[in-house]
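Encoded as structure tokens, the structure appears first; notes follow it.
Heads up: numbering here begins at 1 and tracks the sequence.
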Amino acid sequence: MATVNPRLVMLGPAPGTHGVIAGLIETYREQGLFNRWPVDYIASHGEGSAAGNAAATLAALRRFTTLLVRERHVAAHVHAAAGRTFWREALFMALAAAARCPFILHLHGGGFERFHEAVGPAGRCALRFFLESAACVAVPCESLRTWVRGVARRAQVVCVPTPVAAMQALPEGRQAGLVLFLGRLEAAGGVFDLLEAVSGLRTAVPDVRLLCAGDGDRDAVARHARRLGIGDAVKFTGWVGPSGKRALLESAAVLALPSYDAALPAALLEAMAAGMPVIASRVGGIPEVVVDGVNGFLCAPGDLATLQRLLRRLLIDRALSARIGAAARESVRSRHAPERALARLEGVYADIGLAAFGAAVPKAAH
């Protein structure tokens, strides 16, 4: 008797939503994943008010429930981040588990350790249930895989690299003295430490400027810049879409991400793919990609002296910047090129019984 190929329901943010997950989904589309696999995409949320998001989630739940009832064979791919929004995605995982539908839980971003500690005993029990009930837990780096195994011993965890396309940005096109921060404007991201470091650089690098791109507490960052006397050297773009981000990655001299908590930031990988030298904190999965002094530089969170020293080196020594940037591009190409990274994800799909269009259906299906 022939085995029926399960349909894949992918759950995540609506197109155009701010954030890493929406950007990743767009990369999936651009790289043809939805053309190769039988994907039904359901937006579980979007931008806008809490009421609007609640309505979007309810509509998604109705659609997902209808698919589970109507289709005999369904698999789900659920994208989730740490924090309160995790429980929104947990509603879909609970439905999948009740229907005995295999689901992939794809974790994104940092903060899972803090989230795990903050939710209390009942929350930790629920989190462990979803991690261990998933047919596969997909993570972007080994450090997060280690954490998952520590809190959910029976979880099936696979490291799925983030796909990042290479850019052919030229070193001579970069603006001397321009430092880029690409991320959420909050203390945990290290942006206030970066302001302190830039302030201390003005004697050695008089034309140093900081461009902050991302959502968050812009007013607090601007106030702190003014207190340090560098208000004129700090600019803000707000959230930037793919084309705006590309322009920034092609023009800034260095990316600085002195985060206190991170998994493996997509902005870091994108900057490296563009051949931009990077300075990042030695946290999460960052040391898995950045080899200190080879394809980027690492510093401890809160180490302002080292952050300032590394910025000065890269902004003054153009040859060093070009060499580090070239090594960064090559290292990302070897692991995170879309054809390599998506092959890992598509291997996960095959393992849970899915088949690509035109491919034989695996015998293990559902």
Test your reading of the model: is there a side-chain donor-acceptor pair from Arg88 to the backbone of Thr57, 3.5 Å cut-off? no

Is it possible for you to say whether Leu320 and Ile316 belong to one hydrophobic cluster, with membership spreading through side-chain heavy-atom contacts below 4.5 Å? yes

Using side-chain heavy atoms (C-beta onward) and a distance below 4.5 Å, is Leu298 in contact with Leu310? no

Output a table of donor-acceptor pairs, distance under 3.5 Å, between side-chain atoms of residues 188-200 and any protein atom two or more places apart or on a different chain; print 'none' if there are none.
unit_1	atom_1	unit_2	atom_2	d
Asp193	OD2	Tyr260	OH	2.5
Glu196	OE2	His224	NE2	3.0

Measure the spacing between CG of Leu178 and CG of Asp207 and express it to the nearest 0.5 Å. 9.5 Å

Does a sphere of radius 6.0 Å around CD in Gln308 hold more than 12 heavy atoms from other residues, nucleotides or ligands, not counting ones at 6.0 Å or beyond? yes

Return yes if some donor-acceptor pair links the side-chain N/O of Ser259 with the main-chain N/O of Ala262 below 3.5 Å, else return no. no

Please check: side-chain N/O of Asp40 versus main-chain N/O of Val9, any donor-acceptor pairing under 3.5 Å? no

Note, Val78 side chain near Ile104 side chain (heavy atom, < 4.5 Å): no

Close side-chain approach of Phe130 and Glu89, heavy atoms under 4.5 Å: no

Taking every heavy atom of Arg312 against every heavy atom of Ala204, the minimum-distance pair comes out as CD-CB, 3.6 Å

Heavy-atom closest pair, residues Gly293 and Phe297: CA-CE2, 3.6 Å

Using the rule that Ile, Leu, Val, Met, Phe, Trp and Tyr join whenever any side-chain heavy atoms are under 4.5 Å apart, tell me whether Val160 and Ile25 fall into a single cluster. yes

Decide yes or no on side chain to side chain contact (heavy atoms under 4.5 Å, CB included) for Arg174 and Ser251, but give the supporting numbers first. CA-CA 4 Å; Arg174 301 197 177 280; Ser251 61; over 6 Å; no

Residue pair Leu315, Val179: steps toward the side chain to side chain contact (heavy atoms under 4.5 Å, CB included) verdict: CA-CA 9 Å; Leu315 293 176; Val179 179; 4.0 Å; yes

Tell me whether Glu142 contacts the main-chain N or O of Gly285 through its side chain, where contact means a donor paired with an acceptor under 3.5 Å. no

Non-hydrogen atoms of Glu288 and Cys141 that approach each other most closely: OE1-CB, 3.4 Å

Hey, what do you get for CE (Met167) to CD (Glu250), rounding to the nearest 0.5 Å? 6.5 Å

CG of Leu58 to OG of Ser44: how many Å apart, nearest 0.5 Å? 11.5 Å

I'd like to know if Ile42 and Leu91 are part of one continuous hydrophobic network [Ile/Leu/Val/Met/Phe/Trp/Tyr, side-chain heavy atoms within less than 4.5 Å]. yes

Can a donor-acceptor pair be found, under 3.5 Å and without considering hydrogens, that links the side chain of Asn53 to the backbone of Gly46? yes

Would you please indicate if the ring centroids of Phe115 and Trp87 are separated by under 6.0 Å? yes

Could you give all pairs that pass the salt bridge (charged side-chain N to carboxylate O under 4.0 Å, His left out) test and reach residues 208-218, with sequence neighbours left out? none

Is the backbone of Ala80 close enough, under 3.5 Å, to the side chain of His108 for a donor and an acceptor to pair up by distance? no

Using the rule that Ile, Leu, Val, Met, Phe, Trp and Tyr join whenever any side-chain heavy atoms are under 4.5 Å apart, tell me whether Leu248 and Val208 fall into a single cluster. yes

Arg124 side chain to His116 side chain, donor-acceptor N/O pair below 3.5 angstrom: no

Indicate every side-chain donor-acceptor pair of residues 230-239 with a distance under 3.5 Å to a residue at least two apart or in another chain.
unit_1	atom_1	unit_2	atom_2	d
Asp232	OD1	Arg202	NH1	3.4
Asp232	OD2	Arg202	NH2	3.4

Sorted by chain and number, sequence neighbours left out, ring-ring contact (aromatic ring centres under 6.0 Å, His included) with His77 holds for His79, His106, Tyr349

Nearest heavy-atom approach of Gly109 to Leu144 is O-CD2, 4.3 Å

Is the count of non-hydrogen atoms from other residues, nucleotides or ligands lying under 6.0 Å from Arg318 atom CZ greater than 12? no

If you take all heavy atoms of Thr85 and Ala82, which pair is closest and at what distance? OG1-O, 4.3 Å

Distance (rounded to the nearest 0.5 Å) between Ser133 OG and Arg128 CZ: 10.5 Å

Taking the side chain as everything from C-beta on, heavy atoms only, tell me whether Arg153 gets closer than 4.5 Å to Arg149. no

May I ask you to decide if Ser331's main-chain N or O and Ser334's side chain share a donor-acceptor pair within less than 3.5 Å? yes

Verify, without hydrogens or angle tests, whether Arg36 (side chain) and Gln31 (backbone) share a donor-acceptor contact under 3.5 angstrom. yes

Stepwise, does the side chain to side chain donor-acceptor pair (under 3.5 Å) test hold for Arg7 with His73? CA-CA 6 Å; Arg7 294 176 64 175; His73 301 277; over 6 Å; no

Check whether NZ of the Lys or CZ of the Arg Arg29 lies under 6.0 Å from the centre of the six-membered ring of Tyr41 and within 45 degrees of that ring's axis. yes

Between the side chain of Asp261 and the main-chain N/O of Phe112, is any donor-acceptor distance below 3.5 Å? no

Could you state whether Phe86 and Trp147 fall into the same hydrophobic cluster, counting links through intermediate Ile, Leu, Val, Met, Phe, Trp or Tyr residues with side-chain heavy atoms under 4.5 angstrom apart? yes

Could you go through the side chain to side chain contact (heavy atoms under 4.5 Å, CB included) check for Cys136 and Phe103 one step at a time? CA-CA 7 Å; Cys136 174; Phe103 66 90; over 6 Å; no

Is there a side-chain contact between Cys299 and Arg282 in this structure, where contact means two heavy atoms from C-beta onward sitting under 4.5 Å apart? no

Would Val137 and Gln156 satisfy side chain to side chain contact (heavy atoms under 4.5 Å, CB included), going step by step from the backbone distance to the final call? CA-CA 6 Å; Val137 179; Gln156 303 298 312; over 6 Å; no

At their closest point, which heavy atom of Gly216 faces which heavy atom of Arg184, and how far apart are they? N-NH1, 3.7 Å

What side-chain donor-acceptor pairs closer than 3.5 Å can you find for residues 264-280, not counting sequence neighbours?
unit_1	atom_1	unit_2	atom_2	d
Glu270	OE1	Lys245	NZ	3.1

Report the distance from atom CG of Leu255 to atom CG of Leu249, rounding to the nearest 0.5 Å. 7.5 Å

Looking only at atom types and distance, does a side-chain atom of Asp317 sit under 3.5 Å from a main-chain N or O of Arg313, one as donor and one as acceptor? no

State, yes or no, whether a side-chain contact exists between Leu342 and Tyr28 at a heavy-atom distance under 4.5 Å. yes

Applying side chain to side chain donor-acceptor pair (under 3.5 Å) to Glu132 and not counting sequence neighbours gives Arg154

Is there a side-chain contact between Asn295 and Val332, using heavy atoms and a 4.5 Å cut-off? no

Within the supplied structure, the quantity of interest is the number of heavy atoms (other residues, nucleotides, ligands) at a distance under 6.0 Å from Glu113 CD; does it exceed 12? no

